[in-house]
Amino acid sequence: QVQLVESGGGLVQAGGSLRLSCAASGSIFRINAMGWYRQAPGKQRELVATISNSGRTNYGDSVKGRFTISRDNAKNAVYLQMNSLKPGDTAVYYCNAGLDTRYYWGQGTQVTVSS
């Protein structure tokens, strides 16, 4: 069964850093675009960052200059380096990846930034 396995979430003070990882596992023929989204309580899920299979990146306005997305195709993995974290970054972060014919979501990992 194809799935996305996330890790790296946790509790951090404002100004700190976290690195999220997401790896696709299972029988996968092709991985297309990958990305990270987040959802805070009572809010809609929003784009954090995406990266195409050619390496082109896109970031949400609120994280530009602070977050960096990258991928390792050999490991079927996508990463999100989060620096200068703010309380407003507190949310459940979800990995997303185009695997074969559809997009899959990870289970989400909680990121909490304290003031």
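- Between D100 and Y104 the shortest side-chain heavy-atom distance does not fall below 4.5 Å.
- R71 and N73 form a side-chain donor-acceptor contact under 3.5 Å, judged by distance and modelled atom types alone.
- The residues K64 and D61 are annotated as salt-bridged, a charged nitrogen and a carboxylate oxygen being separated by less than 4.0 angstrom.
- Note: the hydrophobic cluster containing L47 does not contain Y79 (ILVMFWY, side chain heavy atoms under 4.5 Å, direct or indirect links).
- Linking ILVMFWY side-chain heavy atoms closer than 4.5 Å, directly or via other members, places V48 and V92 in two distinct hydrophobic clusters.
- Y94 OH to E6 CD: the interatomic distance, rounded to the nearest 0.5 Å, is 8.5 Å.
- To the nearest 0.5 Å, the span separating CG on N58 from OG1 on T50 amounts to 4.5 Å.
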Using distance only, find each side-chain donor-acceptor pair of residues 16-37 under 3.5 Å and give its atom names and separation, not counting sequence neighbours.
unit_1: S17; atom_1: OG; unit_2: N83; atom_2: OD1; d: 2.9
unit_1: R30; atom_1: NE; unit_2: N32; atom_2: OD1; d: 2.7

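- In this structure, D89 and R66 have side chains that are in contact, with non-hydrogen atoms separated by less than 4.5 Å.
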For residues 105-115, please give each side-chain donor-acceptor pair under 3.5 Å, one per line with the distance, not counting sequence neighbours.
unit_1: T109; atom_1: OG1; unit_2: G9; atom_2: N; d: 3.4
unit_1: Q110; atom_1: NE2; unit_2: A91; atom_2: O; d: 3.4
unit_1: Q110; atom_1: NE2; unit_2: T112; atom_2: OG1; d: 3.3

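- Residues V78 and V2 share a single hydrophobic cluster, defined by chaining ILVMFWY side chains whose heavy atoms lie under 4.5 Å apart.
- The main-chain N or O of R38 is never found under 3.5 Å from a side-chain atom of R45 such that the two would form a donor-acceptor pair.
- Between I51 and Y59 there is no side-chain heavy-atom pair separated by less than 4.5 Å.
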